[in-house]
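Structure record follows, encoded as structure tokens.
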Amino acid sequence: MAIIIPLLLSIIKYLNKILFKFQCFLIHRFMSNLPSDNPIAEQYRTMQVDDFPIIEKRELLDHKVLLQQYLDTHGKPLKPINHRSSNLPPKGTTCPICNAPYEYIYDNSGGRGQLKCKVCHSTFFPHKSYLEKLVFKCPHCRHTLTKKRDRKNFFVYSCQNRKCSFYLQNIASLTPEQQADFNQNPHKYKMHYYHRVFDIELDSLKQEPNKPHSVDLSRIRKAKYVLGLALTYHINYGLSLRQTASILWDIHRIKISHQTIANYAASAARILKTYVDDYPYDLSSQVSICGDETYVKVLGKKHYVFFIMDVVKKIITSYEVFANRDGISAIKAVYATLAKFRKIPENLVLIFDSNPIYLLAQHFFAQHNIHFDVKQVIGLTNNDEVSAEYRWLKQVIERLNRTFKAVYRGKNGFNSLERANEYMVLFVAFFNFLRVHSSLNYNVPVCVPEIANMPDMPSKWLELLRLSYEHICRHQHIT
Ligand SMILES: [Zn+2]
Ligand SMILES: [Zn+2]
């Protein structure tokens, strides 16, 4: 016994080490699209998000005044651009700073999108011009941030002030060895304040509603009850497509291939999506919107389901599957939830795990004047201790994950991201409208009387589909 205990302890230590390395690997993998700027300490390298910058409106200029000044100084008018190069600015582009017309705008980056104004010399991206109208200032020293570089999905702004308290504090926190290394290899350390601005349009987050003609409804009408049965077995009971086909034959003597069921499911998802997304949910106004990510496989590769839910009313508000676990995915997931509020409540708080991508999302929306608070709870989704205040949230999230995994177990992954997202629509339609919860006194989260009046689950699915189809038709009438 005396020998075994130290041996066990050393094994546990060894396993812990492996686990830590694995966590580091995961963090690096998930955060791989973040800038590789090296923060102070290596272990926080990919996790650090600096405070939100101060944003002010930039003083705008008048091109007419500037052109007159040019004429006065040079004795001749400023010549417009001879637009003969192959990289022309998009038609109708004007300068966001001085409002100079198209004739004075030219390509400044060999076709990579950056334009320049000949009148005021501003550079800008035509679809990002709102950024040019803003000045980003360091929250620590109020120095204007310098745009350091453009990355694929965002810009990086940094405070270059060497007297900035943030910078000085970081320098002071280095050990003598780090200090020596820093003097040799300054590029390895991220000492300055920096901020990322996402290259994404708020409007681009709005999804186009489905067109009913993209769905073969006649087939569904013919199949009617069979469709309801198939969805019940496949989604409510988590049977695979093959098991569903098999049970339909064994119990109901209905001959239908698993491929036909897959087609039905895809069509149903396309009809249900608009209803699930547009439904006027009555969400809780208190602190109860909580997010968590889980994963599914698409072509054998891990993809991420961003679940956000009203944990009191058990309504899932975001459920999209993304290829990456990054800031853009977080922005899209948060957007889907915000869009489900009739009016975004004041003092809205969203609760997530400690992943910094949610802070980035918060910054993105703040930039568009949409404000909410983000509370990050360490241990919400893993085995760490979580404070008593949030333990109940952890339990709700774990229950959602269990329900999802039970339904998902019948799937051997997906062969495309589109299929994965169709599946999520079906799962959420089931979860929000059809599944009873013990914590809701065996009621469904969203009670629709027409569905509640149906005698059995297949009929409830069909009623949900009918309501969704009606909703699409109405939507098309109005728009
Ligand atoms: Zn200009
Ligand atoms: Zn600063």
Side-chain angles (χ1 to χ4, degrees), residues 35 37-40 44 48-74 76-83 85 87-109 113-149 154-174 182 186-187 189-197 359-360 363 366-367:
D37 308 53
N38 296 274
I40 320 111
Y44 299 121
Q48 185 178 336
V49 178
D50 296 334
D51 291 343
F52 199 51
I54 299 160
I55 298 180
E56 289 172 4
K57 282 186 180 156
R58 181 169 163 182
E59 200 188 327
L60 300 182
L61 304 165
D62 184 345
H63 71 281
K64 285 182 194 145
V65 174
L66 293 174
L67 286 173
Q68 186 58 49
Q69 279 170 1
Y70 186 95
L71 180 64
D72 294 345
T73 331
H74 296 84
K76 55 180 182 184
L78 180 69
K79 266 199 208 153
I81 304 290
N82 195 348
H83 275 144
S85 96
N87 299 314
L88 291 178
K91 273 262 170 315
T93 308
T94 55
C95 172
I97 303 306
C98 74
N99 210 19
Y102 185 68
E103 287 73 40
Y104 292 99
I105 311 298
Y106 61 98
D107 174 83
N108 187 44
S109 59
Q114 198 193 55
L115 306 179
K116 190 163 179 171
C117 168
K118 195 179 173 183
V119 182
C120 71
H121 311 293
S122 304
T123 56
F124 62 95
F125 286 83
H127 304 300
K128 283 287 107 190
S129 51
Y130 78 92
L131 283 179
E132 304 303 333
K133 293 182 188 175
L134 299 170
V135 179
F136 292 81
K137 289 188 172 173
C138 173
H140 304 280
C141 69
R142 298 192 68 91
H143 258 243
T144 300
L145 302 180
T146 316
K147 186 148 88 175
K148 242 171 92 186
R149 63 195 133 179
F154 51 88
F155 304 107
V156 178
Y157 290 82
S158 127
C159 173
Q160 294 298 323
N161 177 14
R162 293 193 161 258
K163 290 193 178 131
C164 176
S165 61
F166 181 86
Y167 175 75
L168 293 176
Q169 214 177 336
N170 281 341
I171 296 274
S173 72
L174 295 178
F182 171 63
H187 60 275
Y189 293 77
K190 185 246 160 207
M191 308 301 271
H192 291 283
Y193 168 85
Y194 75 61
H195 174 66
R196 306 181 194 88
V197 176
L359 280 188
L360 300 177
H363 290 179
Q367 214 160 275

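Values reported hereafter were calculated over all heavy atoms of this structure, with side chains retained and with hydrogens, waters and symmetry mates removed. The chain is numbered in sequence order, starting from 1. Read the numbers this way: they start at 1 and go in the same order the structure lists the ligands and their atoms.
The closest side-chain heavy-atom distance from Cys95 to Ile105 is below 4.5 Å. Under the 4.5 Å side-chain criterion, counting only non-hydrogen atoms from C-beta, Val119 is not in contact with Tyr70. Side-chain contact between Leu115 and Pro90 is present, with at least one heavy-atom pair separated by less than 4.5 Å.
The angle that Cys141 SG and Cys138 SG make at the Zn ion (ligand 2), rounded to 10°, works out to 110°.
For the Zn ion (ligand 1), the N/O/S atoms of Cys120 include one lying under 2.8 Å. The Zn ion (ligand 1) has Cys117 among its coordinating residues (N/O/S atom, backbone or side chain, under 2.8 Å). At a cut-off of 2.8 Å, Cys164 coordinates the Zn ion (ligand 2) through an N, O or S atom. Checking His143 against the Zn ion (ligand 2), every N/O/S atom stays at or beyond the 2.8 Å cut-off.
Tyr102 contributes a side-chain N or O that, together with a main-chain N or O of Pro89, makes up a donor-acceptor pair within less than 3.5 Å.
Atom OG1 of Thr146 and atom NE2 of His192 lie 9.5 Å apart (nearest 0.5 Å).
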